[in-house]
Amino acid sequence: MNKNRNDRSTSSGSAPTILWLRKDLRLGDHHALKAAADRGVPVVALYIREPGEDLGPLGPAQSWWLHHSLARFDEDLQRLGNRLILRSGEAGKVIETLIAETGADTVYWNRRYDPAGSAADTRIKAALEKAGVAVQSFAGQLLHEPMRMKTKSGTPFRVYAPFWRAFEAQGEPDLPVDAPSTLPAPAHLPKSESLDNWALLPTQPDWASEFSAIWTPGEAGARDRLERFVEERLKDYRAGRETPARDGSSGLSPHLAMGEISPATVWHATNGLSSRIKSDEIVAFRREIVWREYAYHLLVHHPDLPRVNINRRFDRLDWQGDEDDFRRWCRGETGFPIVDAGMRQLWRHGAMHNRVRMIAASFLVKDLLIDWRRGEAWFRHTLVDADPANNGVNWQWVAGCGADAAPFFRVFNPILQGEKFDPKGIYVRRFVPEVAKLPDRYIHRPFEAPASVLAEACITLGKTYPKPQVDHAKARDRALSAYRSVKDAA
DNA sequence: GCAAACTTGAA
DNA sequence: TCAAGTTTG
């Protein structure tokens with residue numbers, strides 16, 4: 001710990017390290033933070049509100065999350081004897097300014113992998129090094145570096161299964177590193193902007209009112225969520241994650257998206273449990289963690305994937321659907337209860353059950369024939385777990401224009417999917433109370449219920465609950481012919 | 001160059 | 001049963 005200090009003492013004394021934090025607001029398993037602590041000089045912990053990311057600013061749901069995450073992280077830093085410094089502006093300029101203010105001679109950060117972010121980092125690193133500042137970047141947002149994995153022929157993977165096998169062949173991911181016990185601050189802390197002035201919380205305060213009942217942003221909340229998941233839900237993961245009413249998923253995605261917990265921490269929390277929990281369940285969960293790795297692998301090799309069809313043949317697809325169609329989907333007024341339940345859960349909770357995401361997304365793309373990019377944008381706006389890689393990759397998967405060669409005729413039937421995965425309508429009734437009194441038999445198809453049943457359930461279709469936006473069978477045929485024409489044109 | 005394989009389906 | 005077409009080893 002003292003070695004570095006002695007090395008530097010002749011030139012720069014105890015010039016501080018700037019620790020630039022991004023979507024890695026945690027103390028545990030944070031390689032840049034650990035390395036900064038180990039230097040034994042004061043650390044300036046910096047978070048920059050940058051003007052534009054690739055896809056524009058964070059959506060309002062994730063901005064709500066960021067507000068609380070920054071506040072928690074500042075509290076955590078205070079326990080280590082430090083504070084979080086907030087600044088706005090173009091990152092390179094902000095760091096230069098802060099170097100001038102503090103006399104820092106070193107900048108550390110954890111790498112990011114979104115195309116705009118990593119390109120910016122490369123530029124900033126070059127500029128700082130030219131100015132004589134030492135810059136070091138660290139891994140930690142992913143289990144393995146996404147550019148490292150290659151097929152036997154040296155190309156990037158396009159298909160998940162072989163990617164998974166190659167991932168497994170790399171052996172266990174590195175163990176997480178511990179949080180440091182102190183992180184000394186400089187004698188004079190640089191000025192910080194005020195978090196409240198950043199106005200990250202929604203302007204309609206009632207919008208996010210339910211978020212805080214469900215989510216606890218911050219590292220402690222993430223670790224608590226992980227612990228409870230491993231204790232309670234992992235043993236029945238495969239069935240639980242397919243059952244919207246039970247929601248057996250881990251709920252870790254927003255924490256991972258903000259870097260409040262590292263994937264290595266999550267991975268290794270599922271080690272050493274084999275006596276209590278079947279290995280099939282653990283593998284199933286790990287495969288989901290590795291899907292995130294795979295999404296970043298694709299994003300690195302297809303930097304425009306959030307906007308551009310990976311399979312360019314789909315550029316010619318003749319999308320339909322008007323503003324009103326789109327608005328009804330956003331609001332959960334499609335007339336298909338499972339879709340509406342999902343879209344309303346999204347609005348109320350900032351998240352939607354995985355199975356229902358597929359159903360709702362398929363409905364937008366196939367039944368309404370609306371461009372997947374509009375759905376992607378809405379999800380980015382409303383999801384607390386919006387992730388530049390996952391969101392684009394999964395929308396492209398649903399739309400059929402992604403890296404995999406899924407059959408184009410796979411169209412989810414919202415009625416059958418509802419009956420299969422929410423047979424008792426528990427999930428639907430929770431989010432679509434106006435159909436709650438329907439018997440199970442009609443809960444996913446109110447438009448087929450006899451008049452007497454509707455009357456009994458106090459439903460007037462078109463008034464108390466919407467008529468179905470499309471006839472699914474016809475919509476399916478329309479989608480198939482649109483997709484077929486793209487195929488034939490090739 | 002060939003065979004096997006491919007997250008999540010519908011009728 | 002149907003019905004694609006590419007990726008990977």
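Per chain, numbering begins at 1; letters A, B, ... match sequence-line order.
Phosphate contact (OP1/OP2 of B:dG9, side-chain N/O of A:Asn413, threshold under 4.0 Å): absent. Phosphate proximity of B:dT8 to A:Gln417: absent, as no side-chain N or O sits under 4.0 Å from OP1 or OP2. Neither OP1 nor OP2 of C:dT8 sits under 4.0 Å from any side-chain N or O of A:Arg158.
Remark: the separation of the P atoms in B:dT7 and C:dT1 is 23 Å, to the nearest Å. Distance check on atom P: B:dA5 versus C:dA3 gives 22 Å, rounded to whole Å.
Within the model, atoms CE of A:Met258 and OG of A:Ser253 stand 11.5 Å from one another, a figure rounded to the nearest 0.5 Å. Interatomic distance, A:Trp267 CH2 to A:Arg286 CZ, rounded to the nearest 0.5 Å: 4.5 Å. Taken from CH2 in A:Trp372 to CZ in A:Phe314, the straight-line distance is 12.0 Å, to the nearest 0.5 Å.
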Dot-bracket assigned to DNA chain B with the 3.5 Å Watson-Crick/G-U criterion, [ ] for crossing and | for other-strand pairs, is .|||||..||.
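Checked against A:Asp385 for a salt bridge (Lys or Arg N to Asp or Glu O under 4.0 Å), the options A:Arg380, A:Arg357, A:Arg292 give a single hit: A:Arg357.
Candidate nucleotides B:dG9, C:dT7, B:dA11 were compared by shortest atom distance to the side chain of A:Val159, and C:dT7 ranks first. For A:Met358, the side-chain atoms get nearest to B:dT8 when compared with the rest of B:dC6, B:dT8, B:dA10. For A:Thr151, counting side-chain heavy atoms from C-beta on, the closest listed nucleotide (C:dT8, B:dT7, B:dT8) is C:dT8. Side chain of A:Glu288, nearest nucleotide from B:dT7, B:dT8, C:dT8: B:dT7. Nearest nucleotide to the side chain of A:Phe157, out of B:dT8, B:dA10, C:dG9: C:dG9. When each of B:dT8, B:dT7, C:dT6 is scored by its nearest atom to the side-chain atoms of A:Arg313, the top-ranked nucleotide is C:dT6.
If you take CZ of A:Phe163 and P of B:dA5, they are 21 Å apart, rounded to a whole angstrom. In this structure, A:Ile310 places its CD1 atom 14 Å from C1' of C:dT7, rounding to the nearest Å. Atom P of nucleotide B:dA5 and atom NZ of A:Lys152 are separated by 16 Å, given to the nearest angstrom. One atom, CZ of A:Phe412, and another, P of B:dA11, lie 13 Å apart when rounded to the nearest Å. Taking atom NZ on A:Lys420 and atom P on B:dT7, their separation rounds to 17 Å, with Å as the unit. One atom, NZ of A:Lys150, and another, C1' of C:dG9, lie 17 Å apart when rounded to the nearest Å. Separating the CZ atom of A:Arg476 from the C1' atom of B:dG9 is a distance of 9 Å, rounded to the nearest angstrom. When rounded to the nearest whole Å, the span between CG of A:Asp404 and P of B:dA4 equals 22 Å.
An aromatic stack links A:Trp291 and the base of B:dT7, using centre distance under 5.5 Å and interplanar angle under 30°.
Between A:Tyr47 and A:Phe73, the gap from one ring centroid to the other reaches at least 6.0 Å. A centroid separation of 6.0 Å or more is found between the aromatic rings of A:Phe421 and A:His444. Ring centroid separation for the pair A:Phe157 and A:Tyr294 does not come in under the 6.0 Å cut-off. With ring centers used as reference points, A:Trp291 lies 6.0 Å or more from A:Trp164.
Among the protein residues, A:Arg287 comes within range of no part of the nucleic acid, since none of its heavy atoms lies under 4.0 Å from any strand. Using a 4.0 Å heavy-atom distance criterion, A:Phe409 is classed as a base contact.
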